[in-house]
Each structure stands twice: as C-alpha cells, then as structure tokens.
Amino acid sequence: MKIQLYFKLLLITFFLGCTSNTSKPVVVKIIPKPNHLKINEGTFILNENSIISVDEEFKEVSEYFKNYVLEKFEINLPKDNGGHIIFEKDEELLNEESYELDITENFIIISAKTKKGAFYGVQSLLQLMPFETNKTSIAIPCVAIKDDPRFSYRGMHLDVARHFFSVNFIKKYLDLMAMLKMNTFHWHLTEDQGWRIEIKKYPKLQEIAAFRDETLIGHYSDQPHQFDGKKYGGYYTQEEIKDIVKYASDRQISVIPEIEMPGHSQAAIAAYPELGCTGKQVKVATKWGVFDEVYCPKETTFQFLENVIDEVVELFPGKYIHIGGDEAPKTRWKNCGHCQNLIKKEGLKDEHELQSYFITRMEKYINSKGKKIIGWDEILEGGLAPNATVMSWRGTNGAVVAAKQKHDVILTPGSHCYFDHYQSDKENEPLAIGGFLPLEKVYSFEPIPKELSKREAKYVLGAQGNVWTEYITSPEKVEYMAFPRAVALSEVVWSKKENKNYKDFIDRLTYFFKYLDAKDVKYANHIYDLKGKLVNKNNKIHYELSNITDQKIYYSLSDENMNIEYKEPILITNTTTIKAGVFDKNKQKLGQTFTQNINLHKAVGSKITINIAPHKSYNSGGKETLINGISGNNKRFGDKEWLGFSGEDILIRIDFNKPENIKTITTRFHNGNGQWIYAPESLYISFNNKEEIKFPVENYGELLVNFKESFYEKNIKNLSIRIPNYGIIPEGRQGAGFKAWTFIDEIIVE
C-alpha cells in the first residue's frame, strides 16, 4: 500500500506548497522520550488539501486526529483511498502498543499493529505540531520514530471521594494522561468521607453515603480540629460513568474502579448500619485518617458487596476491579462475637487471616464475573488471594514478596509516586498531607526492585502516580500537584531505562510546558529552583549552589540585590543568609528567589554517627543534615533537613574537630500525632563518654516541640544524645497499637 501511494501522491503534492501563512516548525522535544528518533531535513506542510488514508481498524484513531486538527487549527482534513497522512497496519511490530512514525516532506505514515499503537503514534505527531497557531498551514518537522513502551501498565490515580471533581475535569485529566501515553486510570470512588458511584439497588448510597455534614479545615495535625460547617458531596450517575469510560476508551485508557473493602467503608456503613459489626448508626466521616468502622464479614455484607459488584462490572469493561484492602483496623472484629466465631469456624489464626478470608471470598466472586482484583499491599497479610494483583504503596517490599509468589505487581510507593506530597521545600507551597517528593526523585524511580531476579521481574506490570485529595479541593490544585510529576513518571514507565537523562528531560519539559499552557493546566514550575548544601572544602565550610538548567546564578550575602555571579562554592565564615536566583541572558530572574539561613554553630562540619539509619522515605539529606547549620521547614517535616525514624530509640554521637566549650544545645521535634509522629517525653545527654543526664522534653501539644538546655561544659571532645521513642500509640488515636515515629531537626550546639 505504501509504495503505491507514494507514486500517486507525488503528483498531488507537487501542487501543494508552503504558503506565507504557514507556521514555523516546532523543536523536536517529545515526552515521553521515544526509543528511536531520527530528525531529518525538511518539513511536511499540513493544510486543508492534506488527505487522510486509513486502514479500517484505525478509523477511530484517525477520527480522533482529524477532530483534533479541526478543533485546534480549524483545518478540515478530507479522506480518500489515497492520502498524504497514512494510517497503516503492520503485523510485524513488537507488540500491540508499538508504533512507527515516518514524516517526510510528502507523507506522514503511522504504522501500528493495533489501534493502541496508532493512537500513540498520533500523540507523538501532535507534539510535533504547534501548541497554538492562527495559521492555515502547519509545518511539521521530518522525523523517523520507532517506539514501544517499557511497561504495559502506565497509570494515574485520582481520589474523588475525599473531594469530588466534575465530569468535565475527569475528561481533561484523561486528555492529559493520553498526551503522556498513560493507559490506565485508577478511579478511587469510595471512602470513609464519601461514596461517589451510583448503585441503583442501594439508593441510600446516593442519599446518605455521598454527602458529609462538613469538612475539616486546615491540616489534620492542627489542634484543635476545626470544620467548615458546610454539607459537601456528590456522586457520578451510571450514565456519567459510561460516558467517562467511553471517553477514556477512545484515548486507549482503561478505567479501574476502586470499591474499598473491608476498610475505608464508613460512608457505606453510615447509609446501611447493618454492614458494620455494631449495627449502630454512624455518620459519613468529616475528617481524614483511618477509622474503626469496617465491613463486618457476615452474609448481609457479602450480599451487599456482591450486588454492588454486579452493577460495577456492567459499567467498567476493563479486566480489573480494585478492592482496596488497606488500612483496615481490626478493633471492631476483635470485639465482635460473629467475627470471633467465624475465625474459629474457618480455622483462621487471627483477624489478619480473617481479612484474607474476606478478600479471597470477594475475589472468587469477582473472578466469576470475568474480572481480576487489585489490592493495596496489605492484602498480603494473612495470605494472598489466589489471583490477586498487588499494588505496592508502602515502599517496594510488597512488590518483592508478591512477585516472588508469582503474582503480578504494580509499583506505587509513597516515596516516589504519591503526588499529594510536597514538591518543593519552600514554605509558601500549598497545603499538602506531608512528605517531600520533588520532580527529580520521581524521574529517578526504578519500578523493578533490585531484589527481583530477571524471571521475577516479569511480574512487574508497571507503575502508577497517586493523587489523594484530602488537601486537594479544586481542579486547579489537582493539576498543580500532579503536573509535571506525572510527566516525569510517564517517561519512567514508557522510555527505555538506558535512554533516561534528567537534564535532557528538563530541557524537553521546559518546552512541553508550552503545550500545558495551551491546555490551561495550572502546573507547578520548580525547574528554576536552586539547590544548596554545605560542603567541607580544604577544612573550610562552603555553600554550594546548583540548578539543573544552564542559566547563570547570581547571589548576595547581605541584601536582595543579587549581583555576585556564582562561579564556585561560597566560603562561609559566620552565620549568614544567602539570597540567590537563576537569571537568563538578559539578567531577568527566572523562578523564585532562593533564601537560605546558615547558622555556623560549633557542631557544623563535625563527625556525626547514629546507631540506626533514618527511614529511607525521610532521609533525603542524610545524617549530616542534623549538624549542617540549616534548620528544617517550620510548617512541615518532609523536607531534606528533617530526619524520620520509625519506632526505634535513637543514639546520636557528635565528635568535634577540636575541643569545644558548650553553653547550649537546642533541637526540635515534629509532633504531628495525626500522622503517627510523636515528640519524645525525654532525652539523655552525655559529654566525653561520661554518665548520661536526663532532660524532660516539654510538650504542650504543638506541632513543633522545642528543646533547649544550658550548660557550662569545657573542653568537650564529643557528646551523645539518646532519644527514646515515644512508644506505642494509645487507643483512640491515629495509628493506635503501632509504635510512633520520631522526627528530629537540626541539633544546634553553641
């Protein structure tokens, strides 16, 4: 077909030329990065005389492209048996998502095995077209691309239960996913705070479970809790869901609904109290966290859930149903006669095996409907259901365990894939749940855990970015939190590992922002944010600035006038404040001003050892951050200056470079009890390996707990600080029964 068309269309293209009203060709900077790309000389001119020729199987994809060109550029592309823009089938390509895009001065040829591959070829083609134009002809650069994805599962998640989002916004979200060649939308539809899917058999889910009386204001850790007093909620009708699923399908995106069980089910129990263990009336949750109200594993509950599943499977043609399975407290089950009798009857060991019984029974029913289940990694506890796919969010260990048991896994660890975390350490960032996940860390993610063999790695389907919405109340904030981190993840799951390069990605992302601007996406732009760190250079303390872009850096040590060009690390001789910025060639500042206060106290530059390593999710700065002269963020604990320890006692030793006289030791602890973080009740200090002295830590319930003690110690060569963990979190509080976390900031020695 291709050879026949070449000769026929050469005659047509002779009469088509570049007019004066033709756009300039764009720079070739495609995201995600194609596996093989060659840029050739020349351009293809697309205008109203350009004819589409299409294989019947790719008709829907060609219509998508035709409609895009019509809406975007007001160019109506005709169709014929012969054409300049050719969609052709190629059975010899690697897999169903592979494509080849060949653009010459006379033709655009998209070759694919299936319409999925053809669609991804179109997405690359669209990135070779202008982001905005008023031209009647479009110049498209000549390229040759051969491309296919690294992973089969490339997902984005959206929680619509904590906060509800319109059908139009869901469609915009899907459009952005499609642009990035993402193929799975994980739709989190049920929660303690709201039930968002119409189930016709159970009208109270729409009348009661879909609405809460009010919503928490501010952060969960803020005390006392305050509420807005406004009824909040909503749900999607089944017709709206069908519309969204069809819209996603047209963009080669499969939709996975999540119906949480057995936990995160308080909204449903509020509508139907008989589903709980107590049978008592409860309300739809108005604040965030984990709640004791869970489904009771009795026949009434299973009948309810099976009836819900019956309606769900009719709405979602994909092969998966997500059943949650995470954060299900066992308090109600432990005190429930029915649950305890069921444990004995079924020969179960404990409540964890009861949860496995619950999940396995529901999996069997869902399998009978021709679907597979996905669950969060807690479904591993008590034994994994036979055909379950595990979504590993508490690090990568769940993925390792499941893959070694020959179960499919999807990686979505909080450390790299939770886009509700802060993405900048600036104090003016919008309120978020916590954590710190900058763009570069997302891009650095490797979905295949190193513990897996090559054979076991085949069970890793891919990865997914999660957008939980406790603190995301508007579409604009969803966009701010998800983009550009979702852009980075798209390259992680599509492009070959060896092709990835962060600096090259940033160069392409800077250009890609223009496409996001054209789509009115309120993304976060931290590309020009500076990074800084203290370094010991020739036994002198210096401060090193860096930025991923090639623009120049100017700084000041005294005022806002940043007029010193940064060429080498800055010598620090006393306590100071650095102000710096990135500037273009016209010396216009790009991005926000970088400000860093440096307290050159006596421990800075000393040797520090800790008996245990901080938790890997809260150790981005390393142990040296405790004595680097830089205090952590005042409003949150997730930046690189805070270190987090999970449930252990901590012993810190500081060896000074020379004997020091010590007058004060100051530090502080985060006390975010709602996130399982507790300041210690006391700590112990010793000097020069002598006996420890106990000091109480005065805690008035604030989020930041300060410790400061005065001394008159001379000739101190070393000091040790022992910080006992708070211990087991009391009943009735978030994380009850688990050991608390300890978060510590700078240790200031003066």
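Values below: every heavy atom of this structure, side chains too, minus hydrogens, waters and symmetry copies. Count residues from 1 along the sequence. Here the structure is a predicted model, which means the values were calculated and not measured.
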Query raised in the report: Which residues satisfy the ring-ring contact (aromatic ring centres under 6.0 Å, His included) test with F513, sequence neighbours excluded?
Result: Y523
Report task. Please name all residues satisfying ring-ring contact (aromatic ring centres under 6.0 Å, His included) with F58, sequence neighbours left out, ordered by chain then number. Result -> none
Counting only heavy atoms not in [X] (residues, nucleotides, ligands), do more than 12 fall under 6.0 Å from its [atom1]?
X: E92; atom1: CD; result: no
X: E451; atom1: CD; result: yes
X: K496; atom1: NZ; result: yes
X: K441; atom1: NZ; result: yes
X: K89; atom1: NZ; result: yes

Between [X] and [Y]: side-chain donor-acceptor atoms closer than 3.5 Å:
X: W393; Y: E378; answer: yes
X: E429; Y: Y480; answer: yes
X: Y320; Y: T184; answer: no
X: D159; Y: T469; answer: yes
X: H526; Y: Q423; answer: no
X: T625; Y: E641; answer: no

Requested in this report: Show your reasoning for whether side-chain contact (heavy atoms from CB on, under 4.5 Å) applies to I31 and S490.
Outcome: CA-CA 8 Å; I31 292 179; S490 76; 4.0 Å; yes
Requested in this report: May I have the step-by-step check of side-chain contact (heavy atoms from CB on, under 4.5 Å) for I650 and L643, ending in yes or no?
Outcome: CA-CA 11 Å; I650 308 162; L643 296 186; over 6 Å; no
Measure across [X] and [Y] and return the closest heavy-atom pair with its distance rounded to 0.1 Å.
X: D192; Y: G289; answer: OD2-O, 4.2 Å
X: V460; Y: P449; answer: CG2-CD, 4.3 Å
X: G383; Y: S356; answer: O-OG, 2.6 Å
X: G465; Y: L489; answer: N-CD2, 3.2 Å

Hey, does [Y] have a side-chain heavy atom less than 4.5 Å from the side chain of [X]?
X: Y120; Y: D147; answer: no
X: I253; Y: M182; answer: no
X: C417; Y: L411; answer: no
X: Y502; Y: S444; answer: no
X: I728; Y: K739; answer: yes
X: L174; Y: F185; answer: yes
X: Y99; Y: V122; answer: no
X: S254; Y: N183; answer: no

Interatomic spacing from [atom1] in [X] to [atom2] in [Y] - rounded to 0.5 Å:
X: L626; Y: I652; atom1: CG; atom2: CD1; result: 5.0 Å
X: N501; Y: I506; atom1: CG; atom2: CD1; result: 10.5 Å
X: R154; Y: L180; atom1: CZ; atom2: CG; result: 10.5 Å
X: W333; Y: L342; atom1: CH2; atom2: CG; result: 9.5 Å
X: I109; Y: E100; atom1: CD1; atom2: CD; result: 10.0 Å
X: Q464; Y: S392; atom1: CD; atom2: OG; result: 12.0 Å

Report task. Check step by step if side-chain contact (heavy atoms from CB on, under 4.5 Å) holds for V294 and F358. Result -> CA-CA 12 Å; V294 301; F358 190 115; over 6 Å; no
Whether [X] side chain and [Y] backbone form a donor-acceptor pair below 3.5 Å:
X: K146; Y: P34; value: no
X: N725; Y: A740; value: yes
X: D420; Y: V467; value: no
X: E327; Y: H264; value: no
X: S495; Y: P32; value: no
X: N387; Y: E363; value: no
X: S98; Y: N95; value: yes
X: R251; Y: A178; value: no
X: N633; Y: D425; value: yes
X: E258; Y: E260; value: no

Query raised in the report: What orientation do H421 and Y418 show, parallel under 30°, tilted 30 to 60°, or perpendicular over 60°?
Result: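 If you compare the ring of H421 with that of Y418, the planes turn out tilted.
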Under-4.0 Å salt bridge between [X] and [Y]:
X: E440; Y: K640; result: no
X: E191; Y: R162; result: yes
X: K404; Y: E456; result: yes
X: D350; Y: K330; result: no
X: E446; Y: R150; result: yes
X: K533; Y: E624; result: no
X: K29; Y: D507; result: yes

Query - Test ring pair (Phe, Tyr, Trp, His ring centres under 6.0 Å) applied to H188 and W376, step by step - result: CA-CA 12 Å; H188 187 81; W376 303 107; 7.4 Å; no
**Report entry** side-chain contact (heavy atoms from CB on, under 4.5 Å) between H157 and W468, intermediate numbers included
**Finding:** CA-CA 8 Å; H157 155 285; W468 301 102; 3.4 Å; yes
Query raised in the report: Considering the options Y678, F645, Y618, which one meets the ring pair (Phe, Tyr, Trp, His ring centres under 6.0 Å) requirement together with W741?
Result: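 Only match with W741 under ring pair (Phe, Tyr, Trp, His ring centres under 6.0 Å): Y618.
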Query - Option passing side-chain contact (heavy atoms from CB on, under 4.5 Å) with V390 (candidates D408, V401, I379) - result: I379
Query raised in the report: Quick one: is the NZ or CZ of R361 closer than 6.0 Å to the six-membered ring centre of Y365, and within 45° of its axis?
Result: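 Ring-cation test returns no.
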Query raised in the report: Is the NZ or CZ atom of K500 positioned over Y443's six-membered ring, under 6.0 angstrom from the centre and within 45° of the axis?
Result: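 Output yes; distance and angle both within limits.
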Query raised in the report: Do H322 and W187 have ring centroids that are under 6.0 Å from one another?
Result: no
